[in-house]
Amino acid sequence: MDVSHILDPLNDAQREAVGSPLGAALVLAGAGSGKTRVLVHRIAWLIEVENVSPHSILAVTFTNKAAAEMRGRIETLLGQGVPLWVGTFHGLAHRLLRLHWRDAGLPQAFQILDSEDQMRLLRKVLKSLELDETRWVPREIQWFINAQKDEGHRPKHIKTDDPTRQQMVKIYQAYEEACRRAGVVDFAELLLRAYEIWRDNPGLLEHYRERFRHVLVDEFQDTNAIQYKWLTILASPNGLPFVVGDDDQSIYRWRGARVENLKQYRRDFPKSTLYKLEQNYRSTATILDAANALISHNSGRLGKTLWTAGEAGERIKMYAAFNERDEADFVVNRIRDWVAKGEARRDVAVLYRSNAQSRVFEEAFLNARMPYRVYGGLRFFERAEIKDALAYLRLIASRGDDTSFERVVNYPTRGIGAKTLTLLRDKARASGTSLWLTAEQCVKTELGQKAAEALRNFLLLIERLAAEVQGLELHEQVDHVIQVSGLLDMFKKNRNERGEAQVENLLELVSAARGFTPEGDTEISPLESFLAHAVLESGEGQADPYDDCVQMMTLHSAKGLEFPVVFLTGLEDGLFPHQRSTTELAGLEEERRLCYVGATRAMRQLYISYAEQRRLYGVDTYSQPSRFIAEFPKDLIDEIRPRLRVSRPYHVRPSGTLEESPTPSIRMGCRVRHAKFGDGIVLNFEGNGPQARIQVNFERAGMKWLMLSYANLTVV
DNA sequence: TTATGCGGAATTTTT
DNA sequence: TTCCGCATAA
């Protein structure tokens, strides 16, 4: 058997992992060390060398992009399409639930809620429970519910004496009930149910254990509790899981990811072999040295040091900007120089911690007439007009989908007002059925002439659409629905840019339907398949690779990407690391990993910058350089504009005056003492004269804003 | 039903 | 500053 095409392109460490004997394995793969390559070649190895049937391989990723890339590379390597299951956790869970909807206790045509739909439904639930939304903040409840599901907890499992928590559990329960009535599942529910059907059906579990003996997982450090349970219930006791991850690149703790799963995996599969990929093929030695030094400040690492056979490269350049506009100008000028050398704009990335920072850069790019593209933001299938159209389609597929019902029942307006809807909602909740069924009842009895007429027309419209669409091609169905529902006409009436864009998007939806090929199982209709696709893969928010644009994105969305030139901006304490992450060590360490991820995106040149003064949310804030800057070795950094004034000390006198003064008393970052609150660090201030307010993080009392003139602070 | 204004809050994001 | 949700008015 000639295995050269599998092994030759690999280095020693990669080769060892790829050709490892059948058994559980953990590959710690540093940034830029060929992680995907190892996964892809391992799959090829299993199929071609170990004679494993592709049917018994399950490859799991987190994003659709990663899944698509993996599939593509496998096919290239093997020279043919292979029928193995490759997909995201959610995609695979969805597939299982479609196959076993009865076991899962779901209606056959169940629909999937995206986060926005989930929020809408949750709001309805809160209203029906007559809870005050200022006390029970929907966003927080949503977070609570998802966190519980991510941990694998149903309402009945949550025991608590805390009345607030008890109420949350009640809401969770009511929300679940609302989902059941409507026949919908949210993202977290997909995972939880997929786990539960295995847990509760030994026969089914046995079948899948037999079938998928080879589970390969990418980005293992990003798995949450339920994903881990799902994987391990499948892989125990005889499975051969092959997982790849990097504890230093775990940046999703805040949404339930558990780095500890890497260590837990070692305990749960004690016979697993550990491989480390430390050779980096992306960055210069300078960049790697800096990144290594930075990340070494974290505790409890599994331990890994990136190295390269390549050259040292240029030193890291640091710019201390006067304010955020100065920072943006600096970036623009540097990119100009880069482009003047004949290099491409698309090779440059501007990274920042939070989306709010993008605006200043956009303005600067606009000013400089330099093409740029901002990643993130609304994706195609998340646009309101698209979701409107999809809601009609979803009702056709599943009448019970209350979220969709509410979305379009009076959109375009057809005389079904708040009163009618309130009545419907109350009745539906009382009888435990969907709005659709309730509406069918009410039309006959409960309503006044006019309202009944309007509602009847809506019901007839949907029934009519459902009938007319039968037998049509998918794109014809979509086209028909946007015409007959009146959506298209309604947007056409908006004689402005917005309306034009909406019409264009609806037509684009028709094209998307035309280009859509349902994958795999054909037991659900093309329409249903398309609807699931729209929710689970809300569409690329990606740049057109043919446009030569500077790329702008958050650090989080930069993970997995690489660029010859990277600007790491806004390195200020409070912004990066973000204020809200600095209260506990785990949060701060995650910020540091984020910084590490940012730095390791750079191939040839890394710039870092910060602003001494930044206007954020309409107020000027003055900050200290990020503590991470000091964690990069000094000798790897060139300061571009040696700063004459070290922190441009706007000194704040306790008298309440704000001025530049040579005799500082209170300034950013210094320790102060308050009679009541004790000692703390000055983090921020705003305003002038008697209105001046100062933000202090007290060791005992926490963060406080104080009126400077009353606070009576002394410097410690 | 639709337009306007106020108050409050404001990481990070995929599915 | 900007965005969102809600209440109020037309």
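Values below: all heavy atoms of this structure, side chains included; hydrogens, waters and symmetry mates excluded. A, B, ... follow the sequence lines: proteins, then strands. Residue 1 opens every chain.
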task = List for me each residue that meets ring pair (Phe, Tyr, Trp, His ring centres under 6.0 Å) alongside A/His153, sequence neighbours excluded, and say none if there are none.
result =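 Not a single residue meets the ring pair (Phe, Tyr, Trp, His ring centres under 6.0 Å) criterion with A/His153.
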key: Boundaries of the chain A footprint along DNA chain C (any atom under 4.0 Å from a heavy atom)   =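 Answer, 5' to 3': C/dT1 to C/dC6.
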[X]: salt bridge (charged side-chain N to carboxylate O under 4.0 Å, His left out) partners, not counting sequence neighbours:
| X | value |
| --- | --- |
| A/Arg154 | A/Glu176, A/Glu189, A/Glu196 |
| A/Asp114 | A/Lys387 |
| A/Arg73 | A/Glu69 |
| A/Glu219 | A/Lys35, A/Lys559 |

inquiry  = At under 4.0 Å between heavy atoms, how does the protein contact nucleotides 8-15 of chain B? Give one character per nucleotide, 5' to 3', with B, S or -.
reply    = --BBBBBB
ask   = Partners of A/Arg255 by side chain to side chain donor-acceptor pair (under 3.5 Å), sequence neighbours excluded?
value =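 Here no residue qualifies.
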Close N or O pairs between protein and nucleotides 4-7 of chain B (under 3.5 Å):
none

ask   = Does anything in residues 417-426 of chain A pair up under salt bridge (charged side-chain N to carboxylate O under 4.0 Å, His left out), and if so which pairs, sequence neighbours excluded?
value =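 The answer is A/Glu406-A/Arg425, A/Asp426-A/Arg429.
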Donor-acceptor contacts under 3.5 Å from residues 358-367 of chain A side chains, at least two apart:
residue, atom, partner, partner atom, Å
A/Ser358, OG, A/Asn355, O, 3.0
A/Arg359, NH2, A/Glu363, OE2, 3.2
A/Glu362, OE1, A/Tyr372, OH, 2.8

inquiry  = According to side-chain contact (heavy atoms from CB on, under 4.5 Å), who are the partners of A/Ser609, at least two apart in sequence or on a separate chain?
reply    =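 Partners of A/Ser609 by the side-chain contact (heavy atoms from CB on, under 4.5 Å) criterion, ordered by chain and then number, come out as A/Tyr319, A/Glu327, A/Thr569.
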